Amino acid sequence: VKPREDITELVEGAVGGTARAVSKLLTIVDDDHPAAAEVAEALTPHARATAVIGITGPPGVGKSTLTSLLVRSIRSRGQRVGVLAVDPSSPFSRGALLGDRVRMMEHAGDSEVFIRSVSARGHLGGLSSSVPQSVRVLEACFDVVIVETVGVGQSEVDIAKLADTTVVVLAPGYGDVVQMAKAGILEVADLFVVNKADRDGVDDLLRDLKRVVSLGRHHRAGPHRAQHVITTVATQRAESSTLLDALDDHAAWLKQHDLLTARRVERAALSLQLITVRRVQAELTALAGGRLLPALAEQIAKGETDPYRAAAHLLNAMSRAMASGDSPCGA
Ligand SMILES: Nc1nc2c(ncn2[C@@H]2O[C@H](COP(=O)(O)OP(=O)(O)OP(=O)(O)O)[C@@H](O)[C@H]2O)c(=O)[nH]1
Ligand SMILES: [Mg+2]
């Protein structure tokens, strides 16, 4: 564990634009590191209104190519960009990320662009509590933050809660729109990008998508999502500003409907929930190795108590331990 002064210095270096410092902070923030709470505290004075853009969609639709394009157009405005590529597979798989790195290679020499891959899965399962913390680090250090995730399941839907604007990328031949709607992947979109518009099948995809979107709009209560649709060919440099223009429109729309703060509160709520759940889980694991949990289990088995009553007892013991700072995993 680093001393507190080191952390403060590191945060100041990162906010000041030192890539190495940003990188170190992200490593500390990674799941279960004891100094993560200190980093979080040191970041608080540096909180600012950074645009966070989420880019998700099925594997291979062109998310990284689009991200690279977006980075280029943001850079042409002179803004600094932090990119987080979230790997949905196991914490150990690094295969998919190599492709992302190659796709974003053109920005490798640009010191105002920072790209980092992180794992989506926490050590205890579910969305890693470190992902929102990583976003928070980048928010303090850059003008725009982009989070790329592969949209395949619930944790990716959760990741959408991290962004001010969520872009769902689709492409002809990469999955059925109706199935995606059922999986809940489409409803998180603020903006749909139909990429690979140079390929066959783009008109069918647009027609299906627009049908699903109009149904969604019909059922949705209140103006929470605008859900515009644009088409792109991410491999063509000429497309550079198409996505950024659409994102600007959405940012203006959010402002106009007074939704920006709500999005940020939603982001904070997710972060808070993940950290709390992780602490409770760690606490529970510690209890399972102690005396209380096995004793209660024995009582249930003998018919001396019921599981609900025992669970209430366990929760009481946990909150007492956490409040007294007596917990094995207290921060
Ligand atoms: N024809 C065509 N190919 C494209 C287009 N956009 C991206 N590609 C190609 O599609 C392939 C996949 O692109 P990526 O950007 O890696 O896709 P991705 O969605 O990031 O993929 P994962 O991160 O693996 O899920 C690459 O070979 C790209 O060059 C496009 O608009 N048209
Ligand atoms: Mg990618």
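Order of listing sets the numbers, starting from 1, for every ligand and every atom in it. Heavy-atom basis, side chains included; hydrogens, waters and symmetry copies ignored. The model shown is predicted, which means the values in this text are computed figures rather than measured ones.
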field: Test of proximity, A234 against ligand 1: N or O pairs below 3.5 Å
entry: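 Yes, there is a polar N/O contact under 3.5 Å.
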- prompt: Has ligand 1 got any nitrogen or oxygen that is less than 3.5 angstrom from a nitrogen or oxygen of V233?
  reply: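 Looking only at distances, the answer is no, because the N/O contact criterion of under 3.5 Å is not met.
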Which atoms of ligand 1 have any heavy atom of [X] under 4.0 Å away?
X	value
V61	19 (O)
P59	25 (O)
T65	7 (C), 13 (O), 14 (P), 15 (O), 28 (C)

field: Minimum heavy-atom distance V137-L43, with the two atoms named
entry: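 The pair with the smallest heavy-atom distance is CG2-CD1, 3.7 Å.
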- request: Pick one of side chain, backbone, both or neither for how D198 approaches ligand 1, counting any non-hydrogen atom pair under 4.0 Å.
  value: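 Side chain only; the backbone of D198 stays clear of ligand 1.
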Would you call [X] and [Y] a salt bridge, taking side-chain N to carboxylate O under 4.0 Å as the test?
X	Y	answer
E139	R267	yes
D143	R75	no
D248	R77	yes

task: Sort out for me which residue in I74, L70, T67 forms a side chain to side chain contact (heavy atoms under 4.5 Å, CB included) with V81.
output: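 Option passing the side chain to side chain contact (heavy atoms under 4.5 Å, CB included) with V81: I74.
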- prompt: How wide is the angle at the Mg ion (ligand 2) between OE2 in E148 and OG in S64, to the nearest 10°?
  reply: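 Rounding to the nearest 10 degrees gives 80°.
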task: Specify whether H257 and W253 have parallel, tilted or perpendicular ring planes, treating 30° as the upper limit for parallel and 60° as the lower limit for perpendicular.
output: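 Tilted.
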- request: Please state whether E148 comes within less than 4.0 angstrom of ligand 1, counting heavy atoms only.
  value: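 E148: in contact with ligand 1 (<4.0 Å).
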message: So that I can check it, does any N, O or S atom in T65 come closer than 2.8 Å to the Mg ion (ligand 2)?
response: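 No - counting backbone and side chain alike, T65 has no N, O or S atom under 2.8 Å.
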message: For the CG atom of D208 and the CE atom of M180, what is their distance to the nearest 0.5 Å?
response: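 Answer rounded to 0.5 Å: 10.0 Å.
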